Engineer: 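Got a structure for you, written out below as structure tokens; questions coming shortly.
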Amino acid sequence: MNWHGKPYYSLDAWCKNTLHHKCYKIALNAHMTCPNRDGSIGSRGCIFCSAGGSGEFAVSTAGKPVAEQLSEGEKLLSEKVVLLKDRPCIIAYFQAYTNTYAPLEYLEQIFSQALSSPRVCGISIATRPDCLPQEVLSLLSRLKGVYPEKFIWVELGLQTIHDATARFIRRGYGLDCFEEAFCRLGDLDIPVIVHTILGLPGETRGQMLETVSYLDRLRPFGVKLQLLHVLRGTDLAQCYARGEFKVLEKAEYLELVADCLERLSPEIVIHRVTGDGPKDILAAPLWSMDKRSVLNGLHQTLQRRGSIQGCRSPKTGQIP
Ligand code: SF4
């Protein structure tokens, strides 16, 4: 497997290996809400979630249609990078809030808008495992048939396998719910990307690695390793201000991500190894704003250890 010079199988490497070119994500805000915010499950959301529903990177929150957000995003992107003219190289990322929590007709409309764009190679839908009823799964399966040359991924925010932490962060569903959604998506051959958060209050290194080893056994298509960000205006920020927990130091985080990567099988695509928190409302840890330095630090850490992704995964690893 070609990892294109990285010590782990990044999304960038997957795109180059599978589609034979680089791809770029455009984050979208499809004007959803979330059952953990609208009162169905809870009204205060997950403890770390910002008012923007973890979707501050979406190009527009001003009620613009998905197609318009995509073309705006593409325009912004093309100011920074050279986009391929002749091939679809955009991943439409439905990021803000819970992107399967809306009437079916609306979901069909927004997903079709993105999939039908000649610039889009696939869509990635962030949602909760308790928001994937049969009719939504059937819709995704049908869209796969309508757009066979494009991909449809689902991103599930697991964050942790530990019940006590899940209760503390007010996740609002149990591990069994996640497992059921994961299996049903697998039955439909829809690749799943699982989000985890490193540094949640009260979790030990051992517990975080238990979550990662669980994912290694589960073998999702992809994993996101997200550093816990404390965002201003969240309940988590109040706990932090009261001194109830500490955020991870940079050196500690780098060692932890290396530990995680070593335990994840080499075939799992790593979609994120840092935090992508919005800088304007980030309260801590501020070192995470320098993403390049975090990525360079991770390379150096793995290099020093002489290790790569999967070297400690029981099925595939050979501990160096
Ligand atoms: S499920 Fe997602 S959008 Fe909903 S409160 Fe939690 S983090 Fe925010």
Side-chain angles (χ1 to χ4, degrees), residues 25 27-61 66 69 93-103 106-107 110 123-133 136 153-182 185 192-201 203 211 220 222-240 247 271-272 274-278 280-283 288:
K25 264 190 188 173
L28 302 169
N29 182 340
H31 320 293
M32 307 274 182
T33 178
C34 169
N36 212 6
R37 285 188 169 276
D38 72 1
S40 306
I41 293 173
S43 51
R44 287 160 65 209
C46 299
I47 196 165
F48 51 78
C49 183
S50 61
S54 302
E56 277 76 9
F57 287 109
V59 289
S60 167
T61 52
V66 161
Q69 291 187 45
Y93 177 28
F94 289 86
Q95 181 185 32
Y97 299 101
T98 299
N99 290 279
T100 54
Y101 189 55
Y106 179 67
L107 295 179
I110 57 169
I123 65 175
S124 202
I125 303 165
T127 190
R128 297 169 55 92
D130 54 357
C131 290
L132 285 166
V136 170
W153 299 336
V154 168
E155 305 201 16
L156 297 177
L158 175 66
Q159 326 307 3
T160 176
I161 57 167
H162 299 287
D163 288 343
T165 320
R167 276 196 299 278
F168 174 76
I169 63 173
R170 305 193 299 250
R171 192 179 64 189
Y173 62 82
L175 191 59
D176 52 344
C177 172
F178 166 80
E179 287 177 347
E180 193 190 333
F182 184 86
L185 288 161
V192 178
I193 298 150
V194 185
H195 295 202
T196 62
I197 297 183
L198 302 176
L200 285 169
E203 284 216 338
T211 295
V223 165
K224 276 186 178 173
L225 300 168
Q226 161 86 39
L227 165 70
L228 178 73
H229 276 147
V230 180
L231 301 180
R232 280 197 283 276
T234 61
D235 289 349
L236 186 70
Q238 291 185 18
C239 299
Y240 182 68
V247 290
H271 288 241
R272 185 180 291 166
T274 63
D276 258 343
D280 51 336
I281 55 167
L282 181 67
S288 67

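Counting convention: from 1, in listed order, for ligands and their atoms alike. Worth saying up front: this structure is predicted, and the values here are computed from it rather than measured.
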Engineer: Quick one: which ligand 1 atoms are inside 4.0 Å of a heavy atom on G45?
Structural biologist: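 With G45 as reference, the close atoms of ligand 1 come out as 5 (S).
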Engineer: Of all heavy-atom pairs between A30 and Y106, which one has the smallest distance, and what is that distance?
Structural biologist: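 What the structure gives for the nearest pair is O-OH, 2.6 Å.
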Engineer: Report yes or no: does C49 have an N/O/S atom closer than 2.8 Å to atom 8 (Fe) of ligand 1?
Structural biologist: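 It does; at least one qualifying atom falls short of 2.8 Å.
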Engineer: In terms of atom number and element, which parts of ligand 1 are under 4.0 angstrom from non-hydrogen atoms of Y97?
Structural biologist: 3 (S)
Engineer: Applying a heavy-atom cut-off of 4.0 Å, say which part of R171 lies close to ligand 1: side chain, backbone, both or neither.
Structural biologist: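 Neither part.
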Engineer: Quick one: look at C34 and ligand 1, take heavy-atom pairs under 4.0 Å, and tell me if it's side chain, backbone, both or neither.
Structural biologist: side chain
Engineer: Where do G45 and R37 come nearest, in terms of heavy atoms and distance?
Structural biologist: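 Nearest pair, atom of G45 first, then R37: CA-CG, 3.9 Å.
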Engineer: Looking at every heavy atom in both P35 and Y101, which two are closest together, and how far apart are they?
Structural biologist: N-CE2, 3.4 Å
Engineer: Can you find a pair of side-chain heavy atoms, one from I41 and one from R128, that are under 4.5 Å apart?
Structural biologist: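 Yes, their side chains come closer than 4.5 Å.
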Engineer: As an exercise, identify every atom of ligand 1 less than 4.0 angstrom from a heavy atom of R128.
Structural biologist: 1 (S)
Engineer: Between S124 and I193, which heavy-atom pair has the shortest distance, and what is it?
Structural biologist: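 For S124 and I193, the tightest heavy-atom pair comes out as OG-CD1, 3.8 Å.
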